[in-house]
Structure formats: structure tokens, C-alpha cells
Amino acid sequence: QAPATAPVFWLPQEDTSVVILASAPDVLAKETDNSRGVSEVRSDSDGQDAHSLHDLGNSQKIQILRIDAAAGDVPLAAIVPLGIAGFDRLEAVGRLLAALHDRAIPPDTRLTRQQRARARRMLQAIDGARDGATQLEIAQVIFRIGRVTRDEWQVSSVRPTVMSLLRDARAMIAGDYRKLLRHRRSR
């Protein structure tokens, strides 16, 4: 069994904030700051130096994938696909560059404050349900509503909210949690 502090490496197809690095082409070699090479990018490694977690210095880490891990300490370039996920990867590259060059690190914008709060409430709701709490009891804890009668509960605006939290929590458990790793895009 892995220790609790073992690093978790996501597939780059799932997590669009994974920064993909490769040896810089010759045409960019002069523009690449070699003093901040691979040695500073490695933090927690997968043992093969292909996947690693780099500490951004703001209590966050960013996952890096070296696609030519055997290349050693050479100038690096980030690979950004030109599809819609490229915007997510550009943001991640910007965060890494800011950390490497001692600049202010922009926040990770994949989840808004409201989305993080909702995810927390979903976890609280599903934990309560799994421990045998009723939807009313869950509402009383999460939303701090006082005692209500059965009739008041049936018409309460909080009731469908609790049902929605439980529905979405079950979906997250079933695999939708991967959506947390991507930006939401309007179609």
C-alpha cells in the first residue's frame, strides 16, 4: 500500500493543467534559459523522471510530463496543442514560468470559489448520506436550518438543493470527478 504522501500523477488527457516539456528545438535554444533546467523542474518524481510534480511555492504543485525524459539537463520547451484544451495548457505553462522566474503566480482558475464550495457541500452531503443521515438532517448540518416540520420540509427550497448535491456527488464518485481537472468551456 502506498504511503499517504505518495504523489499522484494524472494522465495528460484527463488533466489539461499537466505541462508537457520536451527538449527545445535548435531554433529556440538561445532563447531558453538553461540555468533553470530540468533539475529545478524535478520535485516529486515517478522514478523514471517522465512525470514529476513541481512545487510552485504557493502551496500548490503542478504536474510536468517530460516526453523525452532521457535527454538529461538540456534547454526545455513546452508543448501546447492548438485545440481548445491548449488554452488550459497555456495557463498551466504561465503558472510554471511565473514560479521558475520568481514572479507572482496566477491562480488556478479551473474551479471558481463557488464551484469549490459546491464540491465541498457535495462531499459533506454524500458523507452524511453514507452514514445514514436523512436529507433533512443533511440540510440541517450543511445549511444550518433549524427544526422544521415534515410539511415545511416538503415545500422547503433547501430540499431540492440537497437532492441535487447528492445526485451530483454520486456522479462525481462514478467518474465525473475528472471534470474538476478541466476548465468549463461554453459550446
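Sequence positions, counted from 1, serve as the residue numbers for this chain.
The salt bridge (charged side-chain N to carboxylate O under 4.0 Å, His left out) search around Asp127 returns none, not counting sequence neighbours. Arg167 pairs by the side chain to side chain donor-acceptor pair (under 3.5 Å) definition with Ser164, not counting sequence neighbours. Checked against side chain to side chain donor-acceptor pair (under 3.5 Å), Asp168 has the following partners two or more places apart in sequence or in another chain: Arg118.
Leu165 and Leu123 fall into different hydrophobic clusters, where Ile, Leu, Val, Met, Phe, Trp and Tyr side chains are chained together by heavy-atom contacts under 4.5 Å. Linking Ile, Leu, Val, Met, Phe, Trp and Tyr whenever their side-chain heavy atoms come within less than 4.5 Å leaves Met163 and Met172 in two separate clusters. Transitive grouping of hydrophobic side chains (ILVMFWY, heavy atoms separated by less than 4.5 Å) brings Val18 and Ile67 into a common cluster. When the side chains of ILVMFWY residues are joined at heavy-atom separations under 4.5 Å, either directly or via intervening members, Leu166 and Val141 end up in two distinct hydrophobic clusters.
Side-chain contact check for Arg170 versus Ile126: some heavy-atom pair is nearer than 4.5 Å. Residues Leu53 and Phe9 form a side-chain contact, since some pair of their non-hydrogen atoms from C-beta on lies under 4.5 Å apart. When side chains are defined from C-beta on, Thr161 counts as touching Phe143, because their heavy atoms get closer than 4.5 Å. Counting only heavy atoms from C-beta outward, the side chains of Ile145 and Trp153 approach each other to under 4.5 Å. A heavy-atom distance below 4.5 Å is not found between the side chains of Lys61 and His54. Counting heavy atoms from C-beta outward, Val19 and Leu65 have side chains that stay 4.5 Å or more apart.
For the residue pair Ile62 and Ala92, the shortest heavy atom distance occurs at CD1-O, 3.4 Å. The shortest non-hydrogen separation linking Ala78 to Leu21 is CA-CD2, 3.8 Å. Of all heavy-atom pairs between Glu137 and Gly132, the closest is OE1-O, 4.3 Å. Scanning all heavy atoms of the two residues, the minimum distance from Val158 to Ala139 falls at CG1-CB, 3.7 Å. Scanning both residues, Asp55 and Gly57, for their nearest heavy atoms gives OD1-N, 2.9 Å. Considering every non-hydrogen atom in both Gly128 and Ile138, the closest pair reads C-CD1, 4.2 Å.
Looking only at distances, a side-chain donor or acceptor of Gln63 sits under 3.5 Å from a matching main-chain atom of Trp10. For Glu14 (side chain) and Leu11 (main-chain N/O), no donor-acceptor pair under 3.5 Å exists by modelled atom type. Using a distance-only test at 3.5 Å, with no hydrogens or angles considered, no donor-acceptor pair links the side chain of Glu91 to the main chain of Asp88.
Salt-bridge formation is not detected for the pair Asp15/Arg89: no Lys NZ or Arg NE/NH1/NH2 atom is positioned less than 4.0 Å from an Asp or Glu carboxylate oxygen.
A side-chain N or O of Ser17 and one of Arg110 form a donor-acceptor pair less than 3.5 Å apart. Side chain to side chain, Arg147 and Gln140 fail the donor-acceptor criterion of an N or O pair below 3.5 Å.
A distance of 9.0 Å separates CG of Asp102 from CD1 of Ile105, quoted to the nearest 0.5 Å. Between Arg159 atom CZ and Leu136 atom CG the span is 10.0 Å, to the nearest 0.5 Å. A distance of 9.0 Å separates CD1 of Ile64 from CG of Leu76, quoted to the nearest 0.5 Å. The line from CG of Leu90 to CZ of Phe87 is 7.5 Å long, rounded to the nearest 0.5 Å.
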Exercise. Going through the distances and angles, do Gln60 and Arg95 end up as a side chain to side chain contact (heavy atoms under 4.5 Å, CB included)?
Worked result: CA-CA 10 Å; Gln60 295 182 30; Arg95 294 174 72 231; 2.3 Å; yes

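When Met122, Arg116, Gln124 are each tested for a side chain to side chain contact (heavy atoms under 4.5 Å, CB included) with Arg120, only one passes: Gln124.
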